[in-house]
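Heads up: the structure comes next, in structure tokens.
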There are 2 protein chains.
Amino acid sequence: MDNINKKEFKNTFIKCIEEKGLRHTKQREVIVDAFFSAGRHITSEELFNIVKKKYPEIGYATVQRNLNLLCKCCLAEEIKIGKQKTRYEQKYGNMHHDHLVCLKCGRLIEVNDDKIEKLQEKLAKKNNFTPIKHKLEIYGICADCKSK
Amino acid sequence: MDNINKKEFKNTFIKCIEEKGLRHTKQREVIVDAFFSAGRHITSEELFNIVKKKYPEIGYATVQRNLNLLCKCCLAEEIKIGKQKTRYEQKYGNMHHDHLVCLKCGRLIEVNDDKIEKLQEKLAKKNNFTPIKHKLEIYGICADCKSK
DNA sequence: AATGATAATGATTTTTATTATCATTTAGTA
DNA sequence: TACTAAATGATAATAAAAATCATTATCATT
Ligand SMILES: [Mn+2]
Ligand SMILES: [Mn+2]
Ligand SMILES: [Zn+2]
Ligand SMILES: [Zn+2]
């Protein structure tokens, strides 16, 4: 079932690059594969190191560029926490969610709250503001770090 | 009445640097003054340009350093939106608030919603997470940009 | 299969924001 | 006044991400 999702993810990517008149390459294949399989919230550097194992000739720039492309295709999303390197989260088939950010261990905990989402809509409307997306991050100490 | 606030702001700063065993300088005086008087959400560069008028010999590094110091004193707070330069918001006497961020003109609209704040606390607690601070940004199109 | 237009790659450089360095000056005190 | 250490200002270093560019690869067309 994970493979079905992966196939869908890759198909969506292929459709997207075709729509843009871009080309299919071995590098893209390997990068998108690795990005889907890797955990959430990966940096370009981490992905580069993974991809290098399958494709040692790959350049960092290619990984970075294709992560940007995945973002344009709405299959990835940038996450910027403080001064850390940008992380990329895979989006396809994943519900929107917000993050609890542990200030001790850096962990990102994914959360969701419908009521908050609704109230945000309301808040925007009250200001005659058309919301497109949002970012909610709660910084603090996670359960694990507290019990240590 | 604005001057009273300014006096309070500056006194808080003076108290803070004395507690830290730091020194009072003409540069600090001018920078803190300008920072308080300037609008919200200023960049270090913008502040530098303002301060230069009163004190042409000032160095950029000094402005940057003192903004960082103001943050340590909890009199300023960094705001990072996308890839923009860090902006600094004055905090003393200002309620916590969140931001609506216009994707067209870049404007930051300050908003507040008690219900959302409460629900965030609840959400954190549900995850056994101790919240310390949070960031909520809603990106979209502001009223002005819509009417143009 | 060969061609040609152009997108993609990989190595490298550039950009840009922020922090660090360091010689010199200055503040605070004894 | 003199001493100690913080602060300053000019500059360099750092680091992440984007841009550049010569070369290679893709793909529609022949
Ligand atoms: Mn996530
Ligand atoms: Mn604000
Ligand atoms: Zn933690
Ligand atoms: Zn606007």
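Only this structure's heavy atoms are used, side chains among them; waters, hydrogens and symmetry mates stay out. A, B, ... follow the sequence lines: proteins, then strands. Residue 1 opens every chain.
- The CG atom of Leu69(B) sits 13 Å away from the P atom of dT19(C) (whole-angstrom rounding).
- Summarising the geometry, the separation between CZ on Arg23(B) and P on dT24(C) is reported as 18 Å, rounded to the nearest angstrom.
- Checked by atom type, the side-chain pair Tyr88(B)/Thr43(B) shows no donor-acceptor distance below 3.5 Å.
- When the nearest nucleotides of DNA chain D are assigned to Gly21(B) and Gly59(B) by heavy-atom distance, the more 5′-ward of the two goes with Gly21(B).
- To the nearest 0.5 Å, the span separating CG on Leu70(B) from CD1 on Ile31(B) amounts to 8.5 Å.
- Residues Arg87(B) and Glu46(B) are in side-chain contact: their nearest non-hydrogen atoms beyond the backbone lie under 4.5 Å apart.
- Atom-to-atom, CG of Asn66(B) to P of dT26(C) comes out at 16 Å; the value is rounded to the nearest Å.
- In this structure, Tyr60(A) atom OH and dA8(C) atom C1' are separated by 19 Å, rounded to whole Å.
- Across all strands, Arg28(A) comes closer than 4.0 Å only to sugar-phosphate atoms, never to a base (heavy-atom distances).
- Between the CG atom of Leu22(A) and the C1' atom of dT9(C) there is a distance of 14 Å, given to the nearest Å.
- Applying the 6.0 Å contact sphere to NZ of Lys15(B) captures no more than 12 heavy atoms from other residues, nucleotides or ligands.
- In terms of position along DNA chain C, the nucleotide closest to Ala61(B) lies nearer the 5' end than the nucleotide closest to the other residue of the pair Ala61(B) and Lys26(B).
- The interatomic distance linking Gln64(A) (CD) with dA8(C) (P) rounds to 16 Å, in whole Å.
- One interatomic measurement links the two molecules: CG of Asn68(A) to P of dA7(C), which rounds to 18 Å at whole-angstrom precision.
- Residue contacts shown for Glu45(B) are absent, as no nucleic acid heavy atom lies under 4.0 Å away.
- With 3.5 Å as the limit, one finds no donor-acceptor pair spanning the side chains of Glu110(B) and His96(B).
- Note that the first and last nucleotides of DNA chain D, 5' to 3', having any atom under 4.0 angstrom from a heavy atom of chain A are dA16(D) to dC27(D).
- Remark: Lys104(B) pairs with Cys102(B), Ile141(B), Cys145(B) by the side-chain contact (heavy atoms from CB on, under 4.5 Å) rule, at least two apart or across chains.
- Of all heavy-atom pairs spanning His24(A) and Glu29(A), the tightest one is NE2-OE1, 3.3 Å.
- Projected onto DNA chain C by closest heavy-atom contact, Tyr88(B) and Arg65(A) fall at different nucleotides, the more 5' of which corresponds to Arg65(A).
- Between Lys83(A) and dT19(C) there is a side-chain N or O to OP1 or OP2 distance below 4.0 Å.
- Distances shorter than 4.0 Å separate some side-chain N or O of Thr86(B) from OP1 or OP2 on dT18(C).
- Atom pair Phe48(A):CZ and dT9(C):C1' shows a separation of 13 Å (rounding to whole Å applied).
- The pairing partner recorded for dA28(D) is dT3(C), the criterion being a Watson-Crick or G-U wobble arrangement whose two distances lie under 3.5 angstrom.
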